[in-house]
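Worksheet for the structure shown next.
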Amino acid sequence: LKLSHLVVAFSENPETSSVHPAMKAAQIFAVFTLAFLAQANAMKVMKAESELEAPLHGLSGEACTEDEYKRYKTIVCDLKEACGCSETLCAQDWCNGYMRKWKKEFGACTLQGCP
């Protein structure tokens, strides 16, 4: 049912034919306003639902792919053993900054840790 059909039906209604033209205009305005608000609310709800389904910040997929994790194991895990690193500190000073740089580079792969 379209809004234009409501207006035509309302204007042709015998009960409203004796109503003052200004009152009829106010009633039609009220119908349009209610229809507009209902449509705006429906669009707001649809937008909110679509935002819930969309990935955050446009990101999708895996944070750490299998190939990226293989690189992480090769670069970070193998060097961790060679440098004698614990979870936070390495035995050799130069390794500390180097490991920090690579862990930052690999991001989510660090959460999987070394095997």
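What's counted below: heavy atoms across the whole structure, side chains too, no hydrogens, waters or symmetry copies.
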Atom pairs and distances, side-chain donor-acceptor, residues 91-102, under 3.5 Å, sequence neighbours left out:
from : atom 1 : to   : atom 2 : distance (Å)
Q92  : OE1    : W94  : NE1    : 2.7
N96  : OD1    : C90  : N      : 2.8
Y98  : OH     : W102 : NE1    : 3.2

Margin query: Connecting only ILVMFWY residues whose side-chain heavy atoms lie within less than 4.5 Å of each other, what is the rest of L34's hydrophobic cluster?
Written below: none
Notebook entry, point to check: What is the distance from atom OH of Y69 to atom OG1 of T74, rounded to the nearest 0.5 Å?
Noted result: 10.5 Å
Checklist line | Euclidean distance, T65 OG1 relative to R71 CZ, rounded to 0.5 Å | finding: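 Taking CZ in R71 and OG1 in T65, the distance rounds to 9.0 Å.
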Checklist line | All pairs passing side-chain hydrogen bond (donor to acceptor under 3.5 Å, both in side chains) where residues 75-84 contributes a residue, at least two apart | finding: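 Listed by first then second residue: K80-E87.
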Side-chain donor-acceptor pairs of residues 104-115 under 3.5 Å, sequence neighbours excluded:
from : atom 1 : to   : atom 2 : distance (Å)
T110 : OG1    : G107 : O      : 2.6

